[in-house]
A.B. asks: 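Pasting in a structure now, in structure tokens, and then I'll have a few things to ask.
We're numbering straight along the sequence, starting at 1. Keep in mind that the numbers below use all heavy atoms, side chains included, and drop hydrogens, waters and symmetry copies.
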Amino acid sequence: MPIKKKIMIIEDQALLNNMMQKMLSNFYDIVCTCTSAKDMMTLYEKYTPDLILTDVVTKDGANGIDYGKEVKEKYGKKVKILAITGIPEITFLDNAKKYNLDGLIYKDIDSDSLLTSINQILNGYTLFPDNYIYNDENEKLKNLSAKEIKIIKLLCEAMDREDIAKELNITSGTLKNYITNILNKMGFDSISKLTIFCVSNGYIIPNIKK
């Protein structure tokens, strides 16, 4: 009988955590579960799972993608990391790719699709959506550049313009032009309306810190 691959689950919603454990334990060895991505490195080094299945926004706001980056930087291909999220935050997909995670999927998939995704990643494939999920409400977001998205995120975190310019190594005048272009693309006449729209709809999750 073949040895089951080992999986660690990071999910702070108790019901979903229990459901995934029950379903995946039929096919894999669930070596541990936890509720915060802050524990990812410690638990990985203790249990050395083949795959870490992590929610993106976990207990106390710990970001599974950020902590996955740390594990990947230290252990590389020894571990597979699959992020899962139900939040349409516009930076999650790009960051998961940039930090060399093995995949990102959305929580609206069914059990069979989750199993298929895990199996594909364990077999050496990467798995990402073709693009961020757009609909009629957020269609204009896909016209934004990476730097424009970064500016919106910093604005949503209530950073003042001078600090944003320093963060991005641009002048205040250049930042002003970026903001004007963003407002025109998004169809808003003020920064406050734009940030309220982005935060209230979950397109930007401000202040996800370690």
Side-chain angles (χ1 to χ4, degrees), residues 5-21 23-24 27-28 30-45 47-134 138 141 146 149-150 153 202-210:
K5 294 286 189 178
K6 298 185 295 183
I7 289 181
M8 179 170 81
I9 298 171
I10 303 175
E11 169 58 60
D12 60 354
Q13 295 181 22
L15 179 60
L16 184 55
N17 193 319
N18 291 335
M19 289 175 62
M20 288 195 295
Q21 286 185 60
M23 187 266 290
L24 294 176
F27 306 92
Y28 304 103
I30 309 302
V31 292
C32 70
T33 69
C34 69
T35 58
S36 175
K38 288 182 180 180
D39 300 320
M40 188 185 297
M41 181 70 79
T42 299
L43 292 174
Y44 172 75
E45 292 178 339
Y47 294 101
T48 59
D50 299 290
L51 181 141
I52 299 172
L53 178 63
T54 181
D55 194 2
V56 177
V57 182
T58 69
K59 187 177 179 180
D60 300 323
N63 188 322
I65 293 174
D66 288 345
Y67 284 95
K69 175 189 177 184
E70 291 185 354
V71 174
K72 275 292 190 179
E73 285 177 344
K74 187 171 182 179
Y75 292 102
K77 295 182 179 179
K78 290 181 179 179
V79 58
K80 306 293 185 181
I81 301 179
L82 173 60
I84 183 168
T85 183
I87 300 173
E89 219 275 8
I90 57 180
T91 65
F92 288 170
L93 178 58
D94 287 342
N95 285 343
K97 291 179 178 179
K98 182 169 67 176
Y99 298 159
N100 295 316
L101 272 63
D102 299 279
L104 182 143
I105 56 177
Y106 295 100
K107 288 183 178 180
D108 58 356
I109 65 172
D110 57 32
S111 298
D112 288 340
S113 297
L114 176 59
L115 285 169
T116 298
S117 299
I118 291 173
N119 186 58
Q120 288 178 330
I121 287 175
L122 285 171
N123 281 289
Y125 296 94
T126 55
L127 185 66
F128 295 97
D130 291 335
N131 208 332
Y132 173 76
I133 295 177
Y134 294 101
N138 60 33
L141 289 169
I149 290 172
K150 176 69 172 178
K153 191 170 182 68
Y203 306 138
I204 293 290
I205 309 296
N207 297 318
I208 298 179
K209 304 293 185 184
K210 295 181 182 178

A.B. asks: Of all the heavy-atom pairs spanning Lys6 and Tyr47, show the shortest one and how long it is.
C.D. replies: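 Result for this residue pair: NZ-O, 3.2 Å.
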A.B. asks: Is it the case that the side chain of Asn119 and the backbone of Leu115 share a donor-acceptor pair, with hydrogens and angles ignored and the cut-off at 3.5 Å?
C.D. replies: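 It does not hold such a pair.
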A.B. asks: Do Glu70 and Asp66 have side chains that get closer than 4.5 Å, going by heavy atoms?
C.D. replies: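 No, too far: nothing below the 4.5 Å cut-off.
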A.B. asks: In Å and rounded to the nearest 0.5 Å, what is the OH to CD1 distance from Tyr44 to Ile52?
C.D. replies: 7.0 Å
A.B. asks: Would you say Asp55's side chain and Ile10's backbone share a donor-acceptor pair under 3.5 angstrom?
C.D. replies: no
A.B. asks: Which value, rounded to the nearest 0.5 Å, describes the distance between Thr33 atom OG1 and Met20 atom CE?
C.D. replies: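 CE of Met20 is found 9.5 Å from OG1 of Thr33.
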A.B. asks: Between Asp102 and Leu82 (side chain of the first, backbone of the second, donor and acceptor by atom type, cut-off under 3.5 Å), is there such a pair?
C.D. replies: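 No: the side chain of Asp102 does not pair with the backbone of Leu82.
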A.B. asks: When you measure from the side chain of Lys5 to the backbone N and O of Pro49, does any donor-acceptor pair fall under 3.5 Å?
C.D. replies: no
A.B. asks: Are there more than 12 heavy atoms of other residues, nucleotides or ligands under 6.0 Å from atom NZ of Lys59?
C.D. replies: no
A.B. asks: Nearest 0.5 angstrom please: Thr54 OG1 to Asn63 CG, how far?
C.D. replies: 8.5 Å
A.B. asks: Go through the side-chain N and O atoms of Asp110 and Ser113 and say whether any donor and acceptor fall under 3.5 Å apart.
C.D. replies: yes
A.B. asks: Is the number of heavy atoms from other residues, nucleotides or ligands under 6.0 Å of Tyr125 OH greater than 12?
C.D. replies: no
A.B. asks: Check whether more than 12 heavy atoms from other residues, nucleotides or ligands sit under 6.0 Å from atom CE of Met19, and answer yes or no.
C.D. replies: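 Atom CE in Met19 is not crowded, with 12 or fewer foreign heavy atoms closer than 6.0 Å.
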A.B. asks: Would you compute the distance between atom CD1 of Ile118 and atom CD1 of Ile105 and round it to the nearest 0.5 angstrom?
C.D. replies: 6.5 Å
A.B. asks: Assess whether atom NZ of Lys78 is packed by more than 12 heavy atoms of other residues, nucleotides or ligands within 6.0 Å.
C.D. replies: no
A.B. asks: Nearest 0.5 Å, what's the CD1-CD1 distance between Ile204 and Ile149?
C.D. replies: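 Result: 7.0 Å between the selected atoms.
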